[in-house]
Amino acid sequence: MASRRTLKDNRGDGDKYSVLLPTYNERENLPLIVWLLVKYFGESGYNYEIIVIDDGSPDGTLEVAKQLQQIYGEEKIVLRPRAAKLGLGTAYIHGVKHATGNFVIIMDADLSHHPKFIPEFIEKQKKGNYDLVSGTRYSGDGGVYGWDLRRKIISRGANFVTQVLLRPGASDLTGSFRLYKKEVLERLVERCVSKGYVFQMEMIIRARQLRYTIGEVPISFVDRVYGESKLGGNEIVSFLKGLLTLFATT
């Protein structure tokens with residue numbers, strides 16, 4: 001990890017990082033992930049905003065987000081809710097429209113992605129001027145914690161099959177912890193047609209097609225503490241269909 005001094009030296013570089021947090025029933029997790037984001041951005045000195053895109057959560061996630069906005073201020077916590085659950089891809093499109101940063105960070109709000117890795121993402125991007133930096137569970141000292149054997153087999157298997165069929169030039173295709181140049185993310189989401197878990201994979205494939213440069217940072221992925229996983233049989237079937245579609249069209 002870059003030294004604290006190096007991070008401080010970058011405070012005046014004019015960059016701003018917009019964190020997109022799509023949420024659905026994350027009432028318990030949202031205060032924790034926001035606190036961690038504020039902590040690590042504050043320590044590193046980078047300019048940031050957190051954009052919460054709630055899709056009509058019935059558990060009161062939006063009300064919690066409003067309380068967090070009162071605590072941290074409207075400049076740091078930006079609320080851009082939607083009336084219903086409309087999908088991850090459209091959530092990013094919606095969030096990017098309201099992002100004022102020149103870089104965009106996407107991550108899960110369920111504490112699976114720890115904000116402590118964000119300074120590493122930023123340093124990696126700066127050193128290589130990468131168009132996007134992706135967190136990887138399958139390279140270096142990256143890993144997965146808290147999953148049962150079934151989830152590990154599904155994830156590893158999906159990643160292996162994707163590597164064989166599509167040769168994407170990245171080690172973790174299904175992860176959703178990434179940093180993008182804003183204009184790169186805007187162009188990619190316009191081209192992607194997949195939904196659900198295939199969306200993240202297609203983003204990397206389209207990035208390769210457009211010759212964008214991809215950096216990677218090993219991360220520790222930890223299964224959610226509160227709430228239930230949204231991965232089910234329907235998502236697995238959709239993933240396989242999406243994979244075959246990408247194989248046939250790329």
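Basis for what follows: all heavy atoms, side chains included, without hydrogens, waters or symmetry-related copies.
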Compare all side-chain heavy atoms of [X] with those of [Y] and state whether any distance is below 4.5 angstrom.
{"X": "Phe103", "Y": "Lys181", "value": "yes"}
{"X": "Val104", "Y": "Ile51", "value": "no"}
{"X": "Arg178", "Y": "Met203", "value": "yes"}
{"X": "Ile71", "Y": "Trp35", "value": "no"}
{"X": "Gln200", "Y": "Leu88", "value": "yes"}
{"X": "Lys76", "Y": "Asn47", "value": "yes"}
{"X": "Ser176", "Y": "His113", "value": "yes"}

Under the side-chain contact (heavy atoms from CB on, under 4.5 Å) criterion, do Met107 and Leu37 qualify, and how do the steps go?
-> CA-CA 11 Å; Met107 63 188 302; Leu37 283 165; 3.9 Å; yes

Which heavy atom of [X] sits nearest a heavy atom of [Y], and at what distance?
{"X": "Cys192", "Y": "Phe199", "value": "CB-CE1, 3.8 Å"}
{"X": "Glu43", "Y": "Lys39", "value": "OE2-NZ, 2.8 Å"}
{"X": "His94", "Y": "Ile53", "value": "CD2-CG2, 3.9 Å"}

Heavy-atom donor-acceptor pair, [X] side chain to [Y] backbone, under 3.5 Å:
{"X": "Ser18", "Y": "Gly101", "result": "yes"}
{"X": "Asn29", "Y": "Leu111", "result": "no"}
{"X": "Glu186", "Y": "Val96", "result": "no"}
{"X": "Asp59", "Y": "Arg27", "result": "yes"}
{"X": "Asp108", "Y": "Asp110", "result": "no"}
{"X": "Gln125", "Y": "Tyr130", "result": "yes"}
{"X": "Thr213", "Y": "Asp131", "result": "yes"}
{"X": "Arg206", "Y": "Glu190", "result": "no"}
{"X": "Thr136", "Y": "Pro218", "result": "no"}
{"X": "Glu216", "Y": "Ser139", "result": "no"}

If you group Ile, Leu, Val, Met, Phe, Trp and Tyr by side-chain heavy-atom gaps below 4.5 Å, do Leu86 and Tyr24 land in one group?
-> no

Could you list the residues that satisfy salt bridge (Lys or Arg N to Asp or Glu O under 4.0 Å) with Arg82, not counting sequence neighbours?
->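 Once residues adjacent in sequence are excluded, the partners of Arg82 under the salt bridge (Lys or Arg N to Asp or Glu O under 4.0 Å) criterion are Asp55.
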
Are the ring centres of Phe177 and Phe221 closer than 6.0 Å?
-> no

Between CG of Asn102 and CG of Asp15, what distance do you get to the nearest 0.5 Å?
->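 Spacing of CG (Asn102) from CG (Asp15) equals 4.5 Å.
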
To the nearest 0.5 Å, what is the distance between CD1 (Ile50) and CG (Leu21)?
-> 6.5 Å

Applying side-chain contact (heavy atoms from CB on, under 4.5 Å) between Val52 and each of Thr23, Val64, Leu62, report the one that passes.
->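 When Thr23, Val64, Leu62 are each tested with Val52, the side-chain contact (heavy atoms from CB on, under 4.5 Å) holds only for Thr23.
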
Start with the C-alpha distance between Leu210 and Leu188, add both sets of side-chain angles, then the distance that settles side-chain contact (heavy atoms from CB on, under 4.5 Å), and finish with yes or no.
-> CA-CA 9 Å; Leu210 295 171; Leu188 287 175; 3.9 Å; yes

From CA spacing to verdict: side-chain contact (heavy atoms from CB on, under 4.5 Å), Ile118, Tyr48 | CA-CA 11 Å; Ile118 289 178; Tyr48 72 97; over 6 Å; no

Chi angles and distances behind the side-chain contact (heavy atoms from CB on, under 4.5 Å) call for Glu123, Val217 = CA-CA 10 Å; Glu123 287 300 298; Val217 170; over 6 Å; no

